[in-house]
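Here is how names work: the chains are called A, B, and so on, in the same order as the sequence lines, proteins then strands, and each is numbered from 1.
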There are 2 protein chains.
Amino acid sequence: MTLYKGDCLNELKKIDDDSIDLVYLDPPFFTQKTHKLKTRDNGREYEFTDTWNSLDDYLLFMKERLLECQRVLKKTGSIFLHCDKSASHHLRVILDQVFGLCNFQNEIIWSYKRWSNSKTSLQNAHQNIYFYSKTNNFKFNTIYTDYSPTTNIDQILQERERDKNGKAIYKKDELGNIITCKDKKGVPLSDVWEIPFLNPKANERTGYPTQKPILLLEQIIKIATDDGDTVLDPFCGSGTTLVAAKILNRKYTGIDISEEAIALTEHRLENPMKTKSDLLRKGKADYLNKNEYETAILKNLDAFPVQRNSGIDGFLKTNYLGKPVAVKIQKENEELNLAINKLLGASRKRGCKLSLLIKTSRDLSFIDFNKHSDLIIIDSYDLIIKNHMETHKFLSRTPF
Amino acid sequence: MTLYKGDCLNELKKIDDDSIDLVYLDPPFFTQKTHKLKTRDNGREYEFTDTWNSLDDYLLFMKERLLECQRVLKKTGSIFLHCDKSASHHLRVILDQVFGLCNFQNEIIWSYKRWSNSKTSLQNAHQNIYFYSKTNNFKFNTIYTDYSPTTNIDQILQERERDKNGKAIYKKDELGNIITCKDKKGVPLSDVWEIPFLNPKANERTGYPTQKPILLLEQIIKIATDDGDTVLDPFCGSGTTLVAAKILNRKYTGIDISEEAIALTEHRLENPMKTKSDLLRKGKADYLNKNEYETAILKNLDAFPVQRNSGIDGFLKTNYLGKPVAVKIQKENEELNLAINKLLGASRKRGCKLSLLIKTSRDLSFIDFNKHSDLIIIDSYDLIIKNHMETHKFLSRTPF
DNA sequence: TCCAGAGATGAATCCACCC
DNA sequence: GGGGTGGATTCATCTCTGG
């Protein structure tokens, strides 16, 4: 519950040996840039500089401070160092020196999707977090996650043993019945964390650059500490770590060299605001309103799926006469004429010069094609097959 | 198309300077363990050792070999070094030395889901691939992926401009209509790749430890090379890189110190087999080559694919008159009549009472349907669209 | 040759509007 | 009014252009 304003090298010296359960730090990444950001109401601009004379300067700066972090940690404590590709390899070499190779626990990958841009290499969509403990007897709470939807839950619930060749097989009783095992809590958390990046529109945003999502910090704090333990962030910035610690009922200490950052952190702690990420709450699957059948058709057409429009299911990847080509798949029990009207209505709003309707059901409505030169109706493969089979069955039942 | 047996340090010396477009290497990771694995029939055990006297020994070993890799690369070439957390930081320091910091392009995270029981730390679910180019003028093919389901695609298709306050707004014409923009190809691939770990039961599995999925290698090869370029793998192991190169029509060279690995690679190259786990079949992969186009059609028909039959590509999951229904997709440059004959020949041998041919190209051959009451010919979706677009273009060019 | 400024971009939230 | 729909908004890069 303490905030220190100052260089953490000096401020850390005020903290006792063996007194902290978790250090999380999000230092400058060695990007060689100045990071600036305005609050969304343009009321105020925050910035910090991350430019250095040399890599060695930066590494020396980091090593001095990591040594202090090591000192203040309890024997059961651990440290999570957040960085990115700019200097992650050098930082890990230093961590090996300060904490010892044997205390390296994990390289955590925080992966996210983000607004993108063109680039002649791959889009960056992850940052690295190095997890070291102070000793080999460290506090670790396993977090369980849900089974992935592709896992066969029945299989997980079966007990296993090894056959004479040492291969794992499912255990069976004398009668050959499967033996199910005790209750399972889910899958232990892995070292790749897919957590949404703080969206530019999120209310959680403070206007401080490089702000991290509270959800990320909550996960780290849950892993390494229990209720009432102490969390330290020597580069606290906008104070996300401390807000997460407060929400989770941990004690917290923050240090930052910038007066503005300290003021912002104090303000946030009075008024912790956490974005309820719909994406995370509902899961990605909830946004996918296409079933497997529709997805397969769109894939086959080389079309993008559209998830948020009732008249259009997708767009072809190639334009026609300079305009996108809308695709709609007739829904089960949807009348053909209704489907056409919906599609054409939505297409016209988008200025499409061609639309495709995939017809999936027999429907003998009269369609005036002269009215719709900008529409192609295609019978789905399975409709053609179904029609053929039924015609044929009918014929073979009829005596000639 | 060459395989060398021997230490790659020596074998690389036989390769000319500036002659290779892509080096992928998956060297020992410095795990300090011996890796063993049996083939699925328990018939044979492959192993290799990854134990070293010291880290420095290992790093010297790697540096000597990376220098040779650098030498053989073309000016437009690049290298992908696959490793894991054991020594990734040290390897990247060496890569910085050999290729130069300015030629670092990406840290690719290959993430996968795995069974786990880890109690004292997070389950490892990723490996690292470092992507360096030889110069700053390197070959790079952007791969496009689908938009996120949370993205509103009809919005993405609108052009934008800035208003007098510098705010981005959607562009409209004089009548207030939306202006849509040029073709969109999708979202450029990011540096986090979720590709399923080779399932222990996958057909693709050879029994060689540390075998990588072909899909991973295909992606790397597509990014860094074009048709006919040369791919080199100095630690080729079971030969996955070379198999992927062969499937994608690239030239390839492999080196391995183990006679068994070379023999296995030769065998796999004669018989390139590619399996997709269910996860990928559900549509996370990009559909680019012919093979994948066919997979999409079969999936669309709810048919399962068959391998190695020139007359039949798959069978419907539902029978017709008690007999299976054979499916064939007309190949590129395959004449329609020839395709029909192949399909009917193979179908009759299996006693099918109905066969489907998916027609993918314009072909005006005369077909006597009275002769073939057991055959349905279906125009592929893209053929219908192509026909329509071309007819229309023709019409609009013709003066009335 | 290098720097500044403008333009393009898409994820995911916010929020106005509509029944 | 409140739940759902879909348009509006914002940011962090990267590329391109002009001086």
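In this structure, the CG atom of A/Asn124 is 15 Å from the P atom of D/dA12, given to the nearest Å. For A/Gln123 and D/dT13, the CD to C1' distance is 8 Å, given to the nearest whole Å. Rounded to an integer number of Å, the gap from A/Asn199 CG to C/dC15 P is 12 Å. Atom C1' of nucleotide C/dA11 and atom CG of B/Asp146 are separated by 15 Å, given to the nearest angstrom. Between A/Arg114 atom CZ and D/dC14 atom P the separation is 8 Å, expressed in whole Å. Going from atom CD of A/Glu194 over to atom C1' of C/dA11 covers 13 Å, rounded to whole Å. Atom CG in B/Leu189 sits roughly 19 Å away from atom P in C/dT9 (whole-Å rounding). The nearest whole Å value for the distance from the NZ atom in A/Lys201 to the P atom in D/dG6 is 19 Å.
Side-chain N/O atoms of A/Thr120 include one lying less than 4.0 angstrom from OP1 or OP2 on D/dT15. In this model, the phosphate group of C/dC14 is approached by a side-chain N or O of A/Asn203 to a distance below 4.0 Å at OP1 or OP2. Considering only side-chain N and O atoms, B/Thr151 lies under 4.0 angstrom from the phosphate OP1 or OP2 of C/dA11. At C/dT13, none of the side-chain N or O atoms of B/Thr150 fall inside 4.0 Å of OP1 or OP2 (strictly under the cut-off). Taking side-chain N and O atoms only, A/Arg205 has no distance below 4.0 Å to OP1 or OP2 of D/dC11.
Each of B/Tyr24, B/Phe80, B/Phe99 was checked for a ring-ring contact (aromatic ring centres under 6.0 Å, His included) with B/Phe131, and the lone residue meeting it is B/Phe80.
Side-chain atoms of B/Ser78 and B/Gln105 include no donor-acceptor pair closer than 3.5 Å. Remark: the A/Asp84 side chain and the A/Ser86 side chain contain an N/O donor-acceptor pair separated by less than 3.5 Å. Neither side chain, B/Tyr112 nor B/Glu194, offers a donor N or O lying under 3.5 Å from an acceptor on the other.
Judged by Watson-Crick or G-U wobble contacts below 3.5 Å, the nucleotide C/dT1 has no partner.
Within the 4.0 angstrom heavy-atom criterion, no nucleotide atom of any strand lies near A/Tyr112.
No more than 12 heavy atoms of other residues, nucleotides or ligands lie within 6.0 Å of CD in A/Glu335, so this atom counts as exposed by the packing criterion.
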